[in-house]
Amino acid sequence: QVKLVESGGGSVQTGGSLKLSCAASGFTSSVHCVGWYRQIPGGARQGIAAIDNDGKTTYKDSRLTISQTEDENTFFLEMNDLKSEDSGMYYCAGFENWACKMVAGRSIPNHTLIKSWGQGTQVTVSS
């Protein structure tokens, strides 16, 4: 059972930065892939960044940087130049092998196909 715990959310002013963390455990294979998703109130979760087990990354926004620790158990999402529309819940998702292959191909799987989620962390951007 994959366990994912996000942290680092909070309130920030427009133009500011935040770095979210995702502590991951319980991966059952040598493949450790993770994605970050954002959900605004009333909306669906949207994949915004992901990293595969070779460290290959893909993004939906150039203001984002996804990274991982050397042991591949903690993942980060750094967000810069934040705007009000970036406000929402941010979720870390654990990817199975098929999803990791999508990341290698520069795609982020639809949230409806993902089984492993963290509890989310709230980000609020205000002027």
Given 3.5 Å as the limit, does a donor-acceptor pair link the side chain of [X] with the main chain of [Y], or not?
X	Y	value
Asp61	Leu64	no
His111	Gln46	no
Tyr90	Ser7	no
Glu6	Gln119	yes

Taking side chain to side chain donor-acceptor pair (under 3.5 Å) as the definition, give me every residue that meets it alongside [X], ordered by chain and number, with sequence neighbours left out.
X	answer
Ser17	Asn80
Asp54	none
Thr112	Asn110

Count the heavy atoms belonging to other residues, nucleotides or ligands that lie under 6.0 Å from CD1 of Ile40, then report whether that count exceeds 12.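 Open: at most 12 neighbouring heavy atoms sit under 6.0 Å from CD1 of Ile40.
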Extract all donor-acceptor atom pairs below 3.5 Å that involve side chains of residues 120-127 and protein atoms in other chains or at least two apart in sequence.
unit_1	atom_1	unit_2	atom_2	d
Thr121	OG1	Gly9	N	3.1
Gln122	NE2	Gly88	O	3.4

Sorted by first residue and then second, give each side chain to side chain donor-acceptor pair (under 3.5 Å) pair with at least one member in residues 100-109; sequence neighbours left out.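 Residue pairs with at least one partner in residues 100-109: there are none.
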Which distance, rounded to the nearest 0.5 Å, do you find between the [atom1] of [X] and the [atom2] of [Y]?
X	Y	atom1	atom2	result
Ser116	Gln1	OG	CD	6.5 Å
Tyr91	Leu20	OH	CG	13.0 Å
Ile48	Tyr59	CD1	OH	10.5 Å
Asn73	Gln68	CG	CD	9.5 Å
Asp52	Cys33	CG	SG	5.0 Å

Which pairs with one or both residues in residues 76-91 pass salt bridge (charged side-chain N to carboxylate O under 4.0 Å, His left out), sequence neighbours excluded?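 The answer is Arg38-Asp86, Arg63-Asp86.
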Would you mind listing every disulfide (SG to SG under 2.5 Å) that reaches into residues 40-77, with sequence neighbours excluded?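 Qualifying pairs, neighbours excluded: none.
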Of all pairs that satisfy disulfide (SG to SG under 2.5 Å), the ones with a partner from residues 41-96, not counting sequence neighbours: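 Listed once each, the pairs are Cys22-Cys92.
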Please give me the minimum heavy-atom distance between Gly8 and Leu18, naming the atom from each residue.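 Where Gly8 meets Leu18 most closely, the heavy atoms are O-CD2, 3.8 Å.
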Provide the closest heavy-atom pair for Gly94 versus Ile114 in the form atom of the first, atom of the second, distance.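 That would be O-CG2, 3.9 Å.
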Name all residues meeting the side chain to side chain contact (heavy atoms under 4.5 Å, CB included) criterion together with Ala50; count only those two or more places apart in sequence or in a different chain, and write none if there are none.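 Counting only residues at least two positions away or on another chain, Ala50 forms a side chain to side chain contact (heavy atoms under 4.5 Å, CB included) with Thr58, Phe95, Val103, Ile108.
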Go through the structure and list residues passing side chain to side chain contact (heavy atoms under 4.5 Å, CB included) with Thr74, not counting sequence neighbours.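 Residues passing side chain to side chain contact (heavy atoms under 4.5 Å, CB included) with Thr74: Thr69, Phe76.
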Results of ring pair (Phe, Tyr, Trp, His ring centres under 6.0 Å) for Tyr37 - residues two or more places apart only: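 So Tyr37 forms a ring pair (Phe, Tyr, Trp, His ring centres under 6.0 Å) with Trp117.
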